[in-house]
Amino acid sequence: IGILGNTQQKTFAVVYDVANQKIGFGAKGCT
Amino acid sequence: ESSGAPDWHVVSVGSLLPSSICAAATAASNSSALSVVHRHGPCSPLLARVGGAPSHAEILDRDQDRVDSIHHRHRGSGAAPAINPARASKGVSLPAHRGLSLGTGNYIVSVGLGTPRKDFSVVFDTGSDLSWVQCKPCKDCYEQQDPLFDPAQSSTYAAVPCGDPHCRGLDSSTCASGNRCRYEVVYGDQSQTDGNLVRDTLVLGPSDALQGFVFGCGDDDSGLFGKADGLVGLGRAKVSLTSQAAAKYGAGFSYCLPSSSSSAGYLSLGGAAPSNAQFTAMVARSDTPSFYYLDLVAIKVAGRTVSIPAAVLKAPGTVIDSGTVITRLPDTAYRALRSSFAGFMRRYKRAPALSLLDTCYDFTGHRTVQIPSVALVFSGGVTVSLDFSGVLYVSKVSQACLAFASNGDDTS
């Protein structure tokens, strides 16, 4: 399996929408 | 490109390395948001170990331990892993369960426990479920940053009895005298925590309280935890913080990891997604129910799709993990990415490999560098163009490496 590591996740708002079984990425999420 | 992202990053070489001074601002935008900082950066509340933070090579070497343990769990090997006899003797009454290696690239959040509240700095981990801190009385605890959590000083503390669903739902638990639920977690790097399963109030942010939070009260702990006071598990099982908090905050959470170890991000339970978020399907697998999977379907470099057979990425699937530092790809995919990236980087001098990173460059003498963008394309067409900090892992100006690695082959 591939693994998406934390380096590649940096600065994105990573959204775990468990209710709807979706994962979201929002650019410039830390600002 | 559909994302509208630029195809290149142009970056000042002087900004490649993080500051030695913490530049974190107040992070919480709502009452349940926690500030996230890198465990080994200047914003970390954990005191540096003797000799300072681990080297980049050490961090990356340890990262492979974490990846190996993810693969081990995914394969669902029926054979019990070899346990260090010295460790096994500590948990002799409990079935050892091999969990994830902790890695050293983990991020830290601060939470409050008990009434009155005491604050603790804990690793946050989307790859495991049970949260825990070290507690008094302690049979064998490692040295941590803060005083141990003392249940006797909390008016809201309660033990979890053996018949409780949270106890029965653990991978490794036994019933001890007084109807106490004992848990054990043995991580993939042989780090270990044993203790009582308990309930108490968890305080997130300045004052937001989650009553009756179930967690482990470790009293026999050892391994590679550094000075962290414990761990908060954000996996998919019912005992995870995110599952326990779902009734109050909604079934979801979000975080942002900062671009540098000298700045801060956040971890937030519930709450609205940012308006610019693009969503892809979350995939569940019964053999590894704690993990969050998604479908990576393509990779772009400088806006051009890298030639990778679809099945190479699609068939094995992809786990998203907060505790793995470097993204791992099937070997065919990694080789194609590396070839494409190197083709755009021919103007720069190559540098020696850094641990598992084999595509490195020496930027000495340059004022700015121009780096091709790397975008990950997920099912549904969601294209995530990585931040510059997600493309290169910079150990020093003379050694900046493509921050991806191979899984070794396409099937392992």
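FYI, side chains are in, hydrogens and waters are out, and symmetry mates aren't considered; it's all heavy atoms of this structure. The chains referred to below are lettered A, B, ... by the order of the sequence lines, with proteins before strands, and numbering in each begins at 1.
In this structure, Phe378(B) has its ring center closer than 6.0 angstrom to the ring center of Phe25(A).
Heavy atoms of Leu234(B) lying under 4.5 Å from chain A are absent altogether.
Considering every non-hydrogen atom in both Arg236(B) and Gln21(A), the closest pair reads NH2-OE1, 2.9 Å. For Ala273(B) against Val15(A), the heavy-atom pair with the smallest separation is CB-CG1, 4.0 Å. Of all the heavy atoms in Ala13(A) and Tyr266(B), the pair that sits closest is CB-OH, 3.5 Å. The two atoms that bring Cys30(A) and Gly265(B) nearest to each other are SG-CA, 4.2 Å, heavy atoms only. Residues Thr7(A) and Val325(B) share a closest heavy-atom pair of OG1-O, 2.8 Å.
Comparing Leu329(B), Leu294(B), Thr242(B), Val382(B) by heavy-atom pairs within less than 4.5 Å of chain A, the highest count is held by Leu294(B). Contact tally against chain B (heavy-atom pairs below 4.5 Å) for Ala27(A), Gly2(A), Gly24(A): the top residue is Gly2(A). Of the listed residues Ser389(B), Ala405(B), Pro274(B), Ala281(B), the one with more heavy-atom pairs under 4.5 angstrom with chain A than any other is Ser389(B). When the candidates Ser263(B), Ala277(B), Ser260(B) are compared by the number of heavy-atom contacts under 4.5 Å with chain A, Ala277(B) comes out ahead. For chain A, the option among Tyr334(B), Phe404(B), Phe279(B), Tyr293(B) with the highest count of heavy-atom pairs below 4.5 Å is Phe279(B).
Under the 4.5 Å side-chain criterion, counting only non-hydrogen atoms from C-beta, Ile1(A) is in contact with His71(B). Residues Tyr292(B) and Ile23(A) meet the side-chain proximity criterion, which asks for heavy atoms closer than 4.5 Å. Val14(A) places a side-chain heavy atom less than 4.5 Å from the side chain of Ile320(B). Inter-residue side-chain proximity for Ile3(A) and Val67(B) is flagged as met; some heavy-atom pair is nearer than 4.5 Å.
A donor-acceptor distance shorter than 3.5 angstrom exists from the side chain of Gln8(A) to the backbone of Ala403(B), with no hydrogens or angles considered.
Note that OH of Tyr16(A) and OG of Ser322(B) are 6.5 Å apart. Values are rounded to the nearest 0.5 Å. In this structure, OG1 on Thr327(B) lies 7.5 Å from CD on Gln9(A), to the nearest 0.5 angstrom. Of the inter-residue distances, the one linking Lys10(A) atom NZ with Leu257(B) atom CG reads 8.5 Å to the nearest 0.5 angstrom. With values rounded to the nearest 0.5 angstrom, Asp387(B) atom CG is found 7.0 Å from Lys28(A) atom NZ. Atom-to-atom distance recorded for Leu4(A):CG and Arg328(B):CZ is 12.0 Å, nearest 0.5 angstrom.
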